[in-house]
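Both backbone and side-chain heavy atoms feed into the values below; hydrogens, waters and symmetry mates do not. Remember, it's 1-based here, ligands and their atoms both numbered in the order they're listed. Keep in mind it's a predicted model, so treat the numbers as computed, not measured.
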Amino acid sequence: MTARTLVVVGVLAAATLGATRATLPRTRAERSNYTETSTYADVIGFIDSLQHAGVPFTRQVLGRTTEGRVLPLLVLSRPLVTTPAQARALHRPIVYVQANIHAGEVEGKEALLALVRDLATQQRGVLDSIVLIAVPIYNADGNERFAAQSVNRTEQNGPEQVGQRPNAQGFDLNRDYVKAEAPETRASLAAFERWDPDVFVDLHTTDGSFHGYALTYAPSLNPASLAAGAYTRDSLLPELRRRMQARDGFAVFDYGNFDSGYEERDITDTVKGGWYSYDHRPRYGTNFFGMRQRISILSEAYSHDPFERRVKSTYAFVHEILSLVAERGAQIGRIERSADSAFSRGAFDAPLPIRSRLTTAPDTLPIAFEVMARTGDSALTQPGVPRGYRRTGEFRTRAMPVYVRFEPTDSSQIPKGWILPAADTAAVALLRLHGVTVERAARAITDRVSEFVVDSVQSNPREFQKHHETRVFGSWRASSARVSPDMWLVRGNQRHSVVAMYLLDPESDDGLTTWNVFDRELTAGSAFPVRRLLTRAGDSP
Ligand SMILES: [Zn+2]
């Protein structure tokens, strides 16, 4: 679309919106009084109606699913932009909000559609200070596999018919951010590269404990989220928590459950042992995004709240994120530019975490929980509440250890670069998809390297996401290697060197090795195929 047609759209919007506000489209959730959620056709119809009403936003295609559905990506800002270059030229934070990755968790989709409509029809507001990228129906194929929530979402309080968790290939898209096997993930990673968002928000619903929060949240939990992880955790999220309570009336807190793995006994056990978060690995989208050295926020509406309240708490949370990021745009820009500069220059020389575990030194904090009662029969008292139990509406607060941080168990220095054999084209394609720059080595040289000699290879006997995860054990030794011009070079001094490190290091707890990319090249007693360069490529050896 040219600048000229954009102006026309803007004028139309100004002239017609006042008159048409009453006729602006409503989401299926709104129209059904929160008894139903949108089908794919409803979402597309809603976006069509916004366009027909002259509402100013840019409509683009994120990608296509395996079943051929087009995934809409909407760009909102004042002035309107259509390209990443135009967005960057505004010098504002770009916030990317994704809904529906688990298609049974439906309120993100409804909240985001309503928010797009409401923000784009405001005369002034947050769109004057940020660029919003909205992906309302990321797992479109999963969305269309409607079934009773007692089948697709056993622990959710409505609506009755919802989509399924995985995509059409059976992949959990929120375990796919490293191996990137699903077209949705590949499209998402490409969009991260294209738009380079400053903030990523992923919208979900909880599954577990009966706690006292309308919504729980998490920053990237991976300790390699060096630039923005702690800032998000210690500054943005506490301020969002205050605002959600004070301005929106919702109690929110760090994501967790009353056990390290949610158990049915957690329902009535009023002696809670602790509050436990989930996982730090980058197979999860918000953890991966943190490794881009940007802000990421996981949002989990409380599954036992009624659907309408979940839509409203999610709407309020996303809106508060947009406001806060708008206010702090300059500060966020400084944090990110400083990280980009350090990694691009190869100036970051502290050890980088490549394996982590849940903290062993939790804070003790008050956590709210609901007292649940046994009913003495097997009647269903509320959708999502296990048979034999009922909610009492009585909430208590108890101080308990809060396990919401991860700590490194293994760290390693980012090397000058990595060398990959010429045949490792699958690894190269994945690295590039994740934003890592890969070049041909270009000249023959014998270079000093560090190589990882494999002692043993462990394959997880349990199948997970159609894989048996691999782990290698061994030790590093200094060596020299003949680098030929057809080999691949990944420089250590680049913007995404943290991503490169996590994907390439044999000892990383969620890298290409984990997902079987190097399986055929792993033999006990031999060197791991990816070697670390000890001199910067181009330096004299
Ligand atoms: Zn989810």
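Under the salt bridge (charged side-chain N to carboxylate O under 4.0 Å, His left out) criterion, R495 pairs with D196, D340, not counting sequence neighbours. Residues passing the side chain to side chain donor-acceptor pair (under 3.5 Å) test with H211, sequence neighbours excluded: none. Evaluation of the side-chain contact (heavy atoms from CB on, under 4.5 Å) rule for K312 yields Y34, F250, E308 as partners, not counting sequence neighbours.
Counting only distances under 2.8 Å, and ignoring water, the protein N, O or S atoms around the Zn ion (ligand 1) are H102 ND1, E105 OE1, E105 OE2, H204 ND1.
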* To do: Could you walk me through whether W275 and F258 pass ring-ring contact (aromatic ring centres under 6.0 Å, His included), step by step?
  => CA-CA 5 Å; W275 181 250; F258 292 116; 5.1 Å; yes
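Between Y177 and F288, the angle of the ring planes stays under 30°, which puts this pair in the parallel group of the 30/60° scheme.
With T232 as reference, I295 is the one residue of L240, T286, V199, I295 to meet the side chain to side chain contact (heavy atoms under 4.5 Å, CB included) rule.
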